[in-house]
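Count residues from 1 along the sequence. The analysis underlying the following values was restricted to heavy atoms, covering all of them including side chains, and did not include hydrogens, waters or symmetry mates.
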Amino acid sequence: MLDRSALSYTAPYGAWDSPFTAADLAIAGSRIDGARFVGDDIWWGESVPAERGRVTIRRGEASGTVDLLPAPWSARSKVHEYGGGAWTADATGTLFFVEASDQRVYRLSPGGAPEPLTPAGPRHGGLRVQSGRLLAVREDLTVQPHLRAIVEIPLDGRAAEDAEQIRVVIEGTAFWAHPTLSPDGTRVAFVEWSGRQMPWDSAHLRVQEIDGGAVAQTPTRAALQPEWLSDTSLLYADDPTGRWNLQRLELDGLSVTAGPTPVSPADADTGGGLWVLGQRWYQPLADGSIVALRTNGTDEVVVITPDGATRTLTVPMNAGLSVEDAAGTRVLITGAGPSSAAGLWLVDTADGRVTSVRGGGTFDPAWVPVARPLTIDGTHGPVHAFDYPPTNPLATAPEGERPPYIVLVHGGPTAHVAGAGSPAIAYLTSRGIGVLDVNYGGSTGYGRAYRERLNGQWGVVDVDDVLAAAAGLAASGAADPARLAIRGGSAGGWTVLSALVRGGVFGAGVSRYGVADLRALVAESHDFEAHYIDALVGPLPESEAVYIERSPLTHAERIDVPVLLLQGEDDAVVPPSQSEAIRDALAARGIPHEYLLFPGEGHGFRQAETIITVAEAELRFLGEAFGFAPKI
C-alpha cells in the first residue's frame, strides 16, 4: 500500500499537484443523451468530444461498446434551440434519429444505411415510437410566422420528399412537448404552452384525436410528461400546490370522468424546467407501480406502489437524473452522484440491484470532496448552495492561509445543481481551489415559491443571493475573502457580470457566453425564449428603463477586476455580440481581460479541444488574478 505520508508536502492553495488534467475533463465531457431497452439490449446516445461533439448511438456488448450510428452522422435536435428527444428505436432494432446537420428524421434499419423519412426544411425533436408509429415535435422556421406541430411520420419513407404524407395532429404558433399515443391508437396526449409564458409558469395538458379532430383541455398549472396507463387512464405531473407531483386522470374518450387525483403527493418535485424535449421524471412499470424522481435540493428515486405507498431506492446518483425507460421491473436512469461520475445505470426495482451501464465511474474519496449542503440567510430569504472544499490527500497549505474559492452560477436561470461530484469540480479542488455551487432564487428543485422569487427581479435577487452565499462562506472562515472569483454561463454569465458591476465581493469573474445587454438579448432572441424576460424583468416597451438599468453593459465602467470571457462563435441563444460588447468596454478602460472565441461551438462547449482550452485558460486566469502558480 502506498505510504501517502511519505509523499506529503506543503504548498500554497491553488498550487497543489493534481492527478486531474484538462484532457480528463474532455473525456468526462461526454454526455449520455437518452437510453432505451431494445429487445434484450440497452442502447444509449452519447456525445463524443473528440469528434467535435458528434452524438452517436451505442450498444453494450461483452467486448465493449458498439457504435450503431457511424460517423459523420450525429443525432441532435435543434427544436426550441435546446433540442432533446433526437433519437428512439423500436423493438426490432430500427433506429430513428434527427440528423444534426439538416434536422430531418432518418431511419436506420439493422445492416442498412440511414434513409430520410422527412423532407428538408423543418426541424424535429421529441421522437417517440409507440405501437409501430412515430410521433415527433416539428418546428418550421422557414415560414412566417414560425410554425410548430405534433406530427406522425410514416415509417416507410414516403414522406421524405412529400410533406403531405405526414399526419399533422396539431399545428400553430404555440409550443408542444411530450406527445404520447393512447394504447388504442386513437388519441394523443401532450403538453401545450402559448409562448407568452414559459412552460414551468403555465402549461396545459391536452388530449386530442389522432386525426386532428376534437381536443380536450384539462385545467393544469404547469403540466409535464403525460403517460397513458390504459385507454381510460392518464398520468402526468403538475404543481397545483407549488410542487410538481404526479396526477391521475380518468377518461372516456375525450371526456374526463374522474380526477385529477394526486398520486402519492410529497414536498418534493417530480418535474423540472422543460428546457429539452427528451427528459423524463418518471416511468410506469408493468405491475402498476411507478418509478419517480423526487427533488428537494438533491434527487432521490422512489417506487410508488398501486396503493400509493412509497419506498426509496438506494442508488449512487443524486443529481441531474432522468428516468429514461422501463421494462418489467428494470429501469434505465441517467445522472451523477456524490462519488460517481455522470453515467447510465440499470436499476432493478424488485431486488434493488444497480448496475453501471456506461460511465458512472467512482471517484477516489481522497481526491474528490463530498458536497456540503449550505443554507445561508440572504436578503430575500434562504439561499441554497453546495460547498466543495479543497481536497488533496498529499498537500497541506501553509498555516493560517485560507483558500481561494470560485462561486459557480448555473444557467437557465430556471435550472438546478444538486451536489454531485465531478472531474470538473475535482480539477479545481485537488489544486487547492474551493468551489461553491449556488442555487440562487429562481432555481428549480425547491418548489414554485423559490423559483418565482426571481420574477421581476432578475439581476437583483440572483446577484444578492450569490453575493450573500460568497460572503457567508468567507465569514465562516472557510474561504479567503480577498480571493473570491465567480463563474457562470448564459444566464449564469449575466449574474457574473451583474455581480462584478455591483462590486465589493469578487476579485475576478469568468463569463461563459454571458448575457450583457437585455435589449439586445430580446431583439436577438429565438422563439422559445422570446417572452422569458417578460416575467424575469418586465414587458417591453413599458419596462425599457429597467432593461437599461439592469444590463451589465450599461454599467461596465464599474467593473474593476479581471474578467475572462468565453464564447461560442455559432451561439444562437446568446450571440458573440454580447461578450464582445463587454470586451470592448473593458478594453476601453484598460481593465485586465481575455476574450476567447471558439469556432464551431454553440450555446455550451462540446468539442474536446474547446473543453481543454477552457479549463486551462480558467485555471491560469485564477492564478494570475489571485497570485498563485497553478500546476496545469
(message) Please enumerate all residues that pass side-chain contact (heavy atoms from CB on, under 4.5 Å) together with H410, with sequence neighbours excluded.
(response) A415, V417, N439, Y440, S443
(request) Apply ring-ring contact (aromatic ring centres under 6.0 Å, His included) to W458 and list each qualifying residue two or more places apart in sequence or on a separate chain. (result) W494
(request) Measure the CD1-OG distance between I433 and S18 for me, rounded to the nearest 0.5 Å. (result) 9.5 Å
(request) Evaluate the side chain to side chain contact (heavy atoms under 4.5 Å, CB included) criterion for residues L436 and L374: first the C-alpha distance (whole Å), next the side-chain angles of each, then the deciding distance (0.1 Å), finally the verdict. (result) CA-CA 9 Å; L436 184 67; L374 295 180; 3.9 Å; yes
(request) For R76 and V55, indicate whether the former's side chain and the latter's backbone hold a donor-acceptor pair under 3.5 Å. (result) no
(message) To the closest 0.5 Å, what do you measure between CZ (R52) and CD (E609)?
(response) 8.0 Å
(request) First locate atom OG1 of T495, then atom CG of L408, and finally report the distance between them rounded to the nearest 0.5 Å. (result) 12.5 Å
(message) Among residues at least two apart in sequence or on other chains, which ones pass side-chain hydrogen bond (donor to acceptor under 3.5 Å, both in side chains) with E616?
(response) none
(request) Starting at CG of L564, measure out to CZ of R487 and round the result to the nearest 0.5 Å. (result) 10.0 Å
(request) Please tell me if the side chains of L454 and P413 come closer than 4.5 Å, counting only heavy atoms from C-beta onward. (result) yes
(message) Rounded to the nearest 0.5 Å, what separates atom OG in S579 from atom NE2 in H593?
(response) 11.5 Å
(message) Salt bridge check, D464 against R502: does any charged N sit closer than 4.0 Å to a carboxylate O?
(response) yes
(request) Check for a donor-acceptor pair, side chain of R483 on one end and backbone N or O of G627 on the other, with a separation under 3.5 Å. (result) no
(request) For V407 and V505, run side chain to side chain contact (heavy atoms under 4.5 Å, CB included): C-alpha distance rounded to whole Å, both residues' side-chain angles, the deciding distance at 0.1 Å, then the answer. (result) CA-CA 11 Å; V407 175; V505 172; over 6 Å; no
(request) Check step by step if side chain to side chain contact (heavy atoms under 4.5 Å, CB included) holds for L95 and W43. (result) CA-CA 10 Å; L95 172 67; W43 292 15; 4.1 Å; yes
(request) Kindly write out the residues that satisfy ring-ring contact (aromatic ring centres under 6.0 Å, His included) with Y513, not counting sequence neighbours, or none if the list is empty. (result) H603, F605
(message) Between the side chains of R372 and D387, is the shortest nitrogen-to-carboxylate-oxygen separation below 4.0 Å, so that they form an ion pair?
(response) yes
(request) Starting at CD1 of I591, measure out to CZ of R583 and round the result to the nearest 0.5 Å. (result) 16.0 Å
(message) Does either side chain, that of E401 or that of Y13, offer a donor lying less than 3.5 Å from an acceptor on the other one?
(response) no
(message) Parallel, tilted or perpendicular: which one describes the rings of F528 and H526, with boundaries at 30° and 60°?
(response) parallel
(request) Start with the C-alpha distance between D17 and Y9, add both sets of side-chain angles, then the distance that settles side chain to side chain contact (heavy atoms under 4.5 Å, CB included), and finish with yes or no. (result) CA-CA 10 Å; D17 293 313; Y9 61 93; 3.5 Å; yes
(message) With a 3.5 Å distance limit and no angle check, can you tell me whether W87 reaches the backbone of D33 through a side-chain donor-acceptor pair?
(response) yes
(message) If only side-chain N and O atoms count, and only distance matters, is there a donor-acceptor pair under 3.5 Å linking Y532 with T414?
(response) yes
(request) Please name all residues satisfying ring-ring contact (aromatic ring centres under 6.0 Å, His included) with F97, sequence neighbours left out, ordered by chain then number. (result) W73, Y106
(request) Tell me, please, which residues at least two apart from H416 pass ring-ring contact (aromatic ring centres under 6.0 Å, His included). (result) Y446
(message) For a 4.5 angstrom cut-off between non-hydrogen side-chain atoms, does H555 reach E549?
(response) yes
(request) Using a strict cut-off of less than 4.0 Å between a Lys/Arg side-chain nitrogen and an Asp/Glu carboxylate oxygen, indicate whether E99 and R104 qualify as a salt bridge. (result) no
